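First comes the structure, then the notes that go with it.
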Amino acid sequence: RERKSQRERERERARARERKGRRKTRTMASGGTNWELVSDEASPARAKCHAELYQDAHQGDGQGPPPIVDENGNKVAYTAPSLWEEVYEAIEEAQKLVYITGWSVDTTKPLLRTTRKGGRPDETIGELLKRKADDGVHVLLHLWDEKASVSTFGVVINSGLMGIHDEETKCYFRNTKVKVQLSQRYGDTGQNHKLVFTHHQKTVICDAPLLQEDSLRGDDGVQEEARRGVFRRRRFGQRGARNQGKRASLRRLIGFVGGIDLTDGRFDTSKHSLFRTLAHEHREDFYNVNGISSPYGPRQPWHDNHALVEGPAAHDLLDNFVERWNRQASNRKKYLCPVGPENGIVGRDQDVGGYGLPEEEWTVQILRTIDKRSACLGDRTVIRSIQEAYVNAIRKAERFVYIENQYFLGSAKYWKKDSNVPCTNLVPFELAERVCRAVREKKQFNVYAVIPMHPEGDPASMAVQEIIRWENRSIQMIYLRVAEAINETYAGSPEHERPRPTDYVNFFCLGNRELPDGSEAAKVAASCPNANPFEKTLGKMRRFMIYVHSKVLIVDDAYVIIGSANINDRSMEGTRDTEICMSGWQPHFNEGSPAGPRGDVFKYRMSLWAEHLGESLPLFANPNTVECARHLRKLSVENWERYNAEETTELPFHLMVHPSVTAVDAEGHIHQTHKFFPDTKASTWGAKSGVPDILTT
């Protein structure tokens with residue numbers, strides 16, 4: 001205990017030195033914007049890192065997004081990586097530790113799926129973790145404990161309300177070497193709200209071979225894709241450690257962080273099929289919480305984002321796990337794996353280099369939403385660095401902001417109605433203010449936001465309707481403020497020379513519609529007397545939203561935040577749900593640097609747009625133009641009309657204008673042109689309910 005307390009004191013002194021040093025260092029050697037959040041609540045920004053950015057759980061097998069191009073129409077070398085394959089490989093090759101935090105883990109689902117060879121031939125998540133623990137690896141799972149779920153003597157009595165498999169996971173690993181800690185999340189009003197809030201962080205932390213500084217240098221003539229392919233093959237396994245001499249036995253840390261839980265319904269590709277994967281990829285992983293059964297379909301497609309962090313910042317992900325474990329599993333500290341040179345794992349300062357060419361290096365900063373009830377935070381009470389980083393990035397943005405998020409609500413103080421709602425995060429307000437500043441300066445600045453058509457679940461339910469109402473209030477606030485700035489700035493201009501609010505701000509959703517060709521549904525709902533009315537309706541209309549579960553912010557193609565945090569107070573306030581994100585940038589490809597923002601963040605954003613729009617166009621390479629904003633709105637409105645039509649047609653792509661903002665006038669007022677969401681009687685503008693506001697904000 002004395003040695004441990006000494007290490008803790010040394011860690012606190014190191015943090016103090018880092019904070020002091022960061023305050024003195026305000027410039028970057030390569031030029032460009034300094035994106036670092038300088039805050040006592042945030043981990044330091046770590047140089048000499050690497051990051052990999054993922055879209056959806058799987059790519060490959062012909063399921064990936066279209067190729068991307070630059071502003072001149074030239075093809076850009078980029079292949080979207082496959083998240084679950086790389087998570088599997090990382091766990092498979094771990095020798096010391098595998099630590100997982102999650103909202104949900106489903107032990108029955110495989111990470112690898114042979115997509116066109118029938119069924120699920122590979123071992124499940126549960127089998128993989130048990131095998132690694134039997135091999136001597138420290139396998140620890142720290143998951144949210146939903147109070148309504150109950151088990152006793154290894155038997156699940158009640159699976160709970162949320163379907164997160166917490167008790168099933170605990171029972172599955174009972175009497176094995178895998179250690180599972182289920183923890184409730186105590187909210188800001190004490191134990192009375194322990195049913196309400198969640199542990200929402202999603203991380204997988206493993207050890208991996210230490211790479212040499214020059215392990216990936218290669219010749220100048222080597223093509224980027226070939227070199228990056230070598231990098232991916234060497235990253236996790238013994239193939240990366242061979243022929244490295246005396247350093248081959250040393251290990252480093254890597255960490256996955258993002259929005260995708262290792263659970264049911266998350267496996268998806270850029271195709272986001274409704275009916276055409278039911279007998280293969282989704283044969284034993286059918287997911288739709290809206291009363292739809294697997295014989296009929298459709299499944300609910302799932303779009304999400306994730307990231308891999310390597311280098312010094314991976315140790316910050318480990319610190320988060322250890323701080324939470326020590327706080328909420330304090331009687332089980334002995335199961336933690338010692339991390340340090342004495343155990344063959346290099347320390348933070350030595351875990352650098354070997355991640356590619358020098359200009360490809362990342363600076364990464366880990367962000368959190370958490371308080372002292374859920375982690376050992378020293379003298380800190382609440383950490384809300386995720387919201388701080390969002391605000392910091394929006395204020396520093398020069399050209400555009402691109403958002404994908406499961407929710408979009410906040411800044412209630414500035415709403416025209418319901419301004420007393422406890423939804424205080426500043427993200428919507430800061431976006432509005434940044435656009436208004438550009439309008440007054442007569443500069444172009446664009447905001448693009450992709451959110452779900454509606455929150456998951458029955459859109460007519462009270463809680464969902466109330467969330468929709470808060471989102472409508474947040475979006476309306478932005479359009480009103482932007483319209484006011486336009487009308488003030490262009491007061492004397494002719495009508496045809498005045499910009500429109502949608503020239504600056506646009507909200508989209510994703511959806512899919514499939515013809516019967518290629519369907520793998522076992523039954524046709526329309527001809528089955530046992531099918532319920534909703535199944536028959538969807539079987540006829542053959543459409544469904546693609547659920548946007550993403551939590552990503554991209555600024556100027558230079559800076560990115562990816563993690564578990566939604567744009568609402570539950571994720572950003574600090575005393576409700578717990579969250580974790582990575583933020584990062586490549587100094588060589590930074591806004592204002594000599595190479596400009598054409599690095600990995602640019603490629604990732606372009607790949608996301610190619611997925612959503614079915615192609616990559618030169619126009620998309622510079623999204624801060626009015627031409628780009630108008631083109632995307634035109635395409636999205638046309639696609640919404642195809643989706644909403646009575647006649648079933650195959651959608652050419654997935655992006656659609658959000659149904660709550662199909663009509664925005666010059667004064668910024670939103671007009672409700674579609675009263676209900678398709679195939680429902682649920683209002684597109686939402687409604688007030690009796691559900692406590694603290695739960696829906």
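Keep in mind it's a predicted model, so treat the numbers as computed, not measured.
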Pair [X], [Y]: side-chain N/O donor-acceptor within cut-off below 3.5 Å:
X: Arg543; Y: Asn644; result: no
X: Ser660; Y: Glu471; result: no
X: Asn624; Y: Asn446; result: no

Can you see which heavy atom on [X] is nearest to which on [Y], and at what distance?
X: Met545; Y: Pro455; value: CE-O, 4.4 Å
X: Met656; Y: Leu510; value: CE-C, 3.8 Å
X: Ser474; Y: Trp415; value: OG-CZ2, 3.3 Å
X: Cys628; Y: Tyr448; value: SG-OH, 3.6 Å
X: Ile468; Y: Pro459; value: CD1-O, 4.2 Å

Ignoring hydrogens and geometry, is there a side-chain-to-backbone donor-acceptor pair from [X] to [Y] under 3.5 Å?
X: Asp503; Y: Val626; result: no
X: Asn288; Y: Asn290; result: yes
X: Asn72; Y: Pro618; result: no

Checklist entry - According to the interplanar angle, ranging from 0 to 90°, do the rings of Trp640 and Tyr643 count as parallel (below 30°), tilted (30 to 60°) or perpendicular (above 60°)? => result parallel
Item to check | Parallel, tilted or perpendicular, as decided by the 30° and 60° cut-offs, for the rings of Phe267 and His58 | outcome: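 Rings of His58 and Phe267: parallel, as their planes differ by under 30°.
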Next on the checklist: Please identify which of these residues, Gln406, His272, Gln300, meets the side chain to side chain donor-acceptor pair (under 3.5 Å) condition with Tyr547.
Outcome noted: Gln406
Hey, are the side chains of [X] and [Y] touching, using non-hydrogen atoms and a 4.5 Å cut-off?
X: His631; Y: Leu617; result: yes
X: Arg434; Y: Val401; result: no
X: Leu426; Y: Gln387; result: yes
X: Trp302; Y: His549; result: yes
X: Tyr604; Y: Asp600; result: no
X: Leu308; Y: Phe256; result: yes

Checklist entry - Are Lys551 and Asn305 close enough, and set up right, to give a side-chain hydrogen bond (donor to acceptor under 3.5 Å, both in side chains), and what steps lead you there? => result CA-CA 7 Å; Lys551 299 93 170 53; Asn305 311 88; over 6 Å; no
Checklist entry - Do Tyr54 and Gln59 pass the side-chain hydrogen bond (donor to acceptor under 3.5 Å, both in side chains) test, and can you show the C-alpha distance, the side-chain angles, and the key distance before you say yes or no? => result CA-CA 9 Å; Tyr54 304 92; Gln59 304 296 339; over 6 Å; no
State the [atom1]-[atom2] distance between [X] and [Y], to the nearest 0.5 angstrom.
X: Lys48; Y: Thr363; atom1: NZ; atom2: OG1; answer: 10.0 Å
X: Cys436; Y: Glu484; atom1: SG; atom2: CD; answer: 7.5 Å
X: Asp56; Y: Ser550; atom1: CG; atom2: OG; answer: 7.5 Å
X: Ile394; Y: Leu431; atom1: CD1; atom2: CG; answer: 4.0 Å
X: Leu274; Y: Glu514; atom1: CG; atom2: CD; answer: 4.0 Å
X: Met453; Y: Ile546; atom1: CE; atom2: CD1; answer: 9.0 Å

Checklist entry - Would Arg642 and Asn639 satisfy side-chain hydrogen bond (donor to acceptor under 3.5 Å, both in side chains), going step by step from the backbone distance to the final call? => result CA-CA 5 Å; Arg642 296 186 194 99; Asn639 212 36; 2.9 Å; yes
Next on the checklist: Check for me whether the distance between the ring centres of His612 and His303 falls short of 6.0 Å.
Outcome noted: yes
Checklist entry - Does Ser616 have any side-chain contact (heavy atoms from CB on, under 4.5 Å) partners at least two apart in sequence or in another chain, and if so, which? => result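 Listed in chain order: Ile68, Val69, Met606, Ala610.
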Checklist entry - Among Phe620, Phe653, Phe400, which one satisfies ring-ring contact (aromatic ring centres under 6.0 Å, His included) with Trp609? => result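 That would be Phe620.
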Checklist entry - Tell me the ring-ring contact (aromatic ring centres under 6.0 Å, His included) pairs involving residues 489-513, sequence neighbours left out? => result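 The answer is Phe408-Phe507.
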Next on the checklist: Check this for me, if you would: do Glu433 and Arg481 make a salt bridge, where the nitrogen-to-carboxylate-oxygen distance has to be below 4.0 angstrom?
Outcome noted: yes
Checklist entry - Quick one: does NZ or CZ of Arg437 land under 6.0 Å from the six-membered ring centre of Phe445, within 45 degrees of the ring axis? => result no
Item to check | Of all pairs that satisfy salt bridge (charged side-chain N to carboxylate O under 4.0 Å, His left out), the ones with a partner from residues 644-664, not counting sequence neighbours | outcome: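 Listed once each, the pairs are Arg276-Glu650.
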Next on the checklist: Run the side-chain hydrogen bond (donor to acceptor under 3.5 Å, both in side chains) test on Gln672 and Thr684 for me, step by step, so that the C-alpha distance in whole Å, both residues' side-chain angles and the decisive distance to 0.1 Å come before the verdict.
Outcome noted: CA-CA 8 Å; Gln672 191 178 26; Thr684 57; 3.1 Å; yes
